[in-house]
Amino acid sequence: MLKEFVHVTRRYALKTMTVSDGDLSYAASIATRFVDGRDLTATTYDSYEDLLKIYPEAEGNVERLKSLSVNVIHNVAVQNLSTDNRLAGEKFDCIINNFPHSGFVKGLSETVPEMIKRHQDLVISPFFQHAVKMLYPNGQIHITHKATPPFSNWDIVKIAETHGLKLLSMTKFNPNRYPGYRPKCGAGHTPNKGFRVGKCVIYKFVLKKLKSKKIYKFVLYSHKSKKKNLIFRYANPIYQLLDNLIMVTEIYVLTGSLPPPLVMIASSLSNLGQPHKLYNECLFLEHLFTWSIKAIYRKPLEDTNHDMYKPNNMIPAIDSIPTKPFSLILPEKSTNSLSEIEMKKDYNLKSSCVVLKPGMVLLKNYISITDQVEIVKICQEFGMGPGGFYQPGLNSGAKLNLHMMCFGRNWDPQTKYAARYRYDGSQAPPVPDKLVSLAKTSIKDSQAHDDKIPSMHPDICIVNFYTTTGRLGMHQDRDESSDSLRKGLPVVSISVGDSAQFLYGHNRDVRKANDVLLESGDVVVFGGKSRNVYHGVKTIIPNSAPLPLLQQSKLRPGRLNLTFRQF
Ligand SMILES: O=C(O)CCC(=O)C(=O)O
Ligand SMILES: [Fe+2]
C-alpha cells in the first residue's frame, strides 16, 4: 500500500524545463515523475552530435526521454534561452539549472575573483535574465549549487535579486533522490568526468512581485455534482511539495466518488481530514488537478504576518503532519468526571526552593493555580492554531512520545532551530509577555539561591505536552546559539498538570541519573555550570494534577512543560 501511495503521489504536472543538463541524466531521472512527459522540456548546451561524442550515456538518456514524450532540445545556451525560437513563447512553472558553470580557463583557478566574475557574467546573470521571462507568474527557478567556497561566493541570491527574483528557500540537495543522475564536469579535457557533489543546496527563487501572504482554503468539487462533496486536504504547503519535484504528498478525502487516478490515491489513504489552510503557491494545484476536477473554489481566508519566503525552511517528516489539531482541553462532556480524580496533594503548600546542584535550582509550588490556568489557556490557544501541537518525528522515522509547539523560534528534532519547518509553513509566534514575565521572575528567584545563575531574556519557549504514557529520553539542550551556551544562560522549565519523574545527570545513563518529582507549578532553572546537564522525563504520574487546575482549565490528563531559553 505504501509503495503504491508513494508511486502515485510522486507524479506531477508542472511545466518544467531543465537547462544545461550535461548528459541529460537529471531529466531522465525525474521524467517518470510527470503525469505527462510533455510537461517536461529538457535542454542541453551541446548539439546532439557533440552530446553523443562527449557522453556515452547520452544516447540512452535521449531515447528514454523521447519514449516518455519529453521535449528534448539541444544546442540551447543560457545566453539565448528566451530568444531561442524552439522555445519561443514557452512558459514554465519551474526552470531548473543544476551546477551552472561557464567552463574552465587555463591558468585561472576557481578561487580567483576573475573566475567567479566570469561564472556570474557568462552564466548566472544571463540565465536569470532569460529564465524570468519564461516563468509563469507563480513559477519557480531552481539552481543547485555547491554550498562551499569558492562556489558559495558566487552571490547567486544577490544576482537573482537584481533580476526581480527573491529567494523562496534553500534546501539541501540530496542526490539519492535522483537515481541515475550523474553531474558531469561538462567542459575542459574530461567533460564526461563526474564530480563529487559534496555539500550542495537548491536555491529556489520566485518573482518578487508574487503576492505571498494570502492563505487560501481549498475546496474541490467533483465532476459529477456541483455539491461540496469532496474536500481535499493537502498536508504540505506547495513550497514543500515542490521540493525535489515531489508534488502531492497526501490527500484526505471525506466523501464522494473520484475520477481516476485520484481513486487510486484516495484508496491508499485511510485518514480523513478537515479542510486545511494552504498557501499562495497552491496556484500550482490548478495545473495538477484541473484535468480531473471540474471546479476549484478558492477564497482568501486571511492575511497573515507569516513570512512564507524566508530561507532555511526545512522539510518535516511527512508523518509529523497531524490529522487534526491536538487539544490540551477536554471536550465539555468529559469534564464532569474530574471530581472523581483522586486528590493526593495539598494545594496550599508554600513555595520552597531546592538547589539540586550548582546552577540547577528547583522552585517548588512556585506558579500559582491562577497562573497555571492562564498558561494552559495560552498554550491551548496557540497550540490549536497554525504551527500548533504536533508529534515531532525523528530521523529514524520514530516519533517523540509527546506533542510539541514552539514560541519564538521553531525547534524540531530533525531541523533543530529553523526559521520555518512546520508542515503548515507557519513560523513560531513570539513568546507571550505573560510567559516571559513568569520565566524572568523564576530566574530572579532562583538567583537568590544560587547567584552564579546568569540572567537571560527568554525569546524561545518549547512547549511539550506529555499524555500519561509520554516520556522524553536523556538529552542536553544544546541547540541555542553558541553565545547563549557559552554564557550558560539558563533554561527555565515550568511544569503544569500531572507530575513527572524527572531525571538529570552527567551523561545519558539513566541508571546513574538523579531523579526528582516535578509537580504542577514547579519550576526548574538550570544554567551556569549546569547548563549542559543531561535530563529527561522518565514517567508521568497519572491523576496527580491539582483538582482546581483541572476544574478551571479543563486540562486533559497529562503534563504540560514549558522550557524557556534565550537563543
Ligand atoms: O518536560 C520536561 O520537563 C523537560 C523538557 C525538555 O527537556 C525539553 O523540552 O528540552
Ligand atoms: Fe531539554
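Starting from 1, each residue takes its place in the sequence as its number. Whatever order the structure lists ligands and atoms in, that order sets their numbers, starting from 1.
Looking at Asp498, its side chain never comes within 3.5 Å of a backbone N or O of Ile540 through a donor-acceptor pair.
The Fe ion (ligand 2) lies closest to atom OD1 when only the N/O/S atoms of Asp477 are considered.
Two rings, from Phe465 and Phe389, have their centers 6.0 Å or more apart.
Under a cut-off of 6.0 angstrom, the local environment of CZ in Arg478 is sparse, with at most 12 non-hydrogen atoms contributed by other residues, nucleotides or ligands.
Look at Asp450 and Lys452 and you find no salt bridge, because none of the NZ, NE, NH1 or NH2 atoms lies under 4.0 Å from a carboxylate O. Between Lys538 and Asp515 there is no salt bridge, since no side-chain nitrogen of the basic residue lies less than 4.0 Å from a carboxylate oxygen of the acidic one.
Among protein residues, Asn464, Tyr466, Leu472, His475, Asp477, Phe502, His535, Val537, Arg559, Asn561, Thr563, Arg565 come within 4.0 Å of ligand 1, judged on heavy atoms.
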If you look only at distance, which donor and acceptor atoms sit under 3.5 Å apart when one is on a side chain in residues 487-496 and the other is two or more places apart or in another chain?
{"residue": "Lys487", "atom": "NZ", "partner": "Asp483", "partner atom": "OD2", "Å": "3.1"}
{"residue": "Ser493", "atom": "OG", "partner": "Asn561", "partner atom": "ND2", "Å": "2.9"}
{"residue": "Ser495", "atom": "OG", "partner": "Arg559", "partner atom": "NH2", "Å": "2.8"}

